[in-house]
Amino acid sequence: MINGAHVIIHSRDAEADRAFLRDVLEYPHVDAGGGWLIFRLPPAEIAVHPTDGPPAQQLYLMCDDVATTVRELAARGVEFTRPVTDERWGRLTGFRLPGGGEVGLYEPRHERATDL
């Protein structure tokens, strides 16, 4: 049946965002033709949250130690958009993609579905 998911990031500067995923995050990738890179992501989870506003999607990357990850990415020139905060479910921050989009980054405190 379903054996994977494909995440699409719409970007004002797709080339810069692809370079970021390739060179800064060092994600392995394939070239689907014409320079369209498709990246292998770490294991993933999906959650559904209620909203009173319009339906939306968000991308959060997870790490084991957010402080260490922030230091490592900042040393590579990554711009963080907010300080690390402690939430009930984990430690959270976010960073800016070169194309202007924002990606969340968090260290979960909850059991990970990826461990099932």
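Note that the structure is predicted; figures quoted are calculated from it, not measured.
The backbone N or O of Gly94 sits less than 3.5 Å from a side-chain atom of Thr81, completing a donor-acceptor pair. A donor-acceptor contact shorter than 3.5 Å links the side chain of Thr93 to the backbone of Arg82. Side chain of Arg40 to backbone of His29: no donor-acceptor contact under 3.5 angstrom is found.
Leu25 is not connected to Tyr106 by any chain of hydrophobic side-chain contacts under 4.5 Å among Ile, Leu, Val, Met, Phe, Trp and Tyr, and they are in different clusters. Residue Leu21 is not grouped with residue Ile38 when hydrophobic side chains (ILVMFWY) are merged at heavy-atom distances under 4.5 angstrom, including chains of intermediate members. Cluster membership for Val78 and Val70, using ILVMFWY side-chain heavy atoms within less than 4.5 angstrom, is shared. Hydrophobic clustering, with ILVMFWY side chains joined whenever heavy atoms are under 4.5 angstrom apart, keeps Leu92 apart from Val103. No continuous path of hydrophobic side-chain contacts links Val7 to Val30 [ILVMFWY only; heavy atoms under 4.5 Å].
Closest of all the heavy-atom pairs between Gly35 and Arg18 is O-CD, 4.0 Å. When all heavy atoms of Phe39 and Arg22 are compared, the pair lying nearest together is CE2-N, 3.6 Å.
Atom CG in Leu41 sits 9.5 Å away from atom NE2 in His6 (nearest 0.5 Å). Here CD of Glu45 is found 8.0 Å from CG of Leu116. Values are rounded to the nearest 0.5 Å.
No more than 12 heavy atoms of other residues, nucleotides or ligands lie within 6.0 Å of CD1 in Ile46, so this atom counts as exposed by the packing criterion. Few gaps surround CZ on Arg76; more than 12 heavy atoms of other groups in view lie less than 6.0 Å from it. Counting non-hydrogen atoms of neighbouring residues, nucleotides and ligands closer than 6.0 angstrom, the CD atom of Glu26 exceeds 12 such neighbours. Counting heavy-atom neighbours within 6.0 Å of Arg112 CZ, excluding the residue itself, gives a total above 12.
Partners of Thr68 according to the side chain to side chain donor-acceptor pair (under 3.5 Å) rule, which considers only residues two or more places apart in sequence or in another chain, are Asp65, Arg71. With sequence neighbours left out, Tyr27 forms a ring pair (Phe, Tyr, Trp, His ring centres under 6.0 Å) with no residue at all.
Comment: Arg96 does not engage Asp17 in a salt bridge, judged by the lack of any side-chain N to carboxylate O separation of less than 4.0 angstrom. The pair Glu87-Arg109 does not meet the salt-bridge criterion, since no charged nitrogen lies less than 4.0 angstrom from a carboxylate oxygen.
Using cut-offs of 30° and 60° for the angle between ring planes, the Trp89 and Tyr60 rings count as perpendicular. Between Phe20 and Phe95, the angle of the ring planes lies from 30° to 60°, which puts this pair in the tilted group.
The shortest side-chain heavy-atom distance between Thr85 and Arg91 does not fall under the 4.5 Å cut-off.
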Could you go step by step and tell me if Glu107 and Asp64 meet the side chain to side chain contact (heavy atoms under 4.5 Å, CB included) rule?
CA-CA 6 Å; Glu107 174 188 331; Asp64 292 326; over 6 Å; no

Is there a side chain to side chain contact (heavy atoms under 4.5 Å, CB included) between Leu105 and Cys63 once you walk through the steps?
CA-CA 7 Å; Leu105 175 67; Cys63 62; 4.0 Å; yes

Carefully, step by step, assess Leu73 and Phe80 under the rule side chain to side chain contact (heavy atoms under 4.5 Å, CB included).
CA-CA 9 Å; Leu73 292 177; Phe80 283 84; 3.9 Å; yes

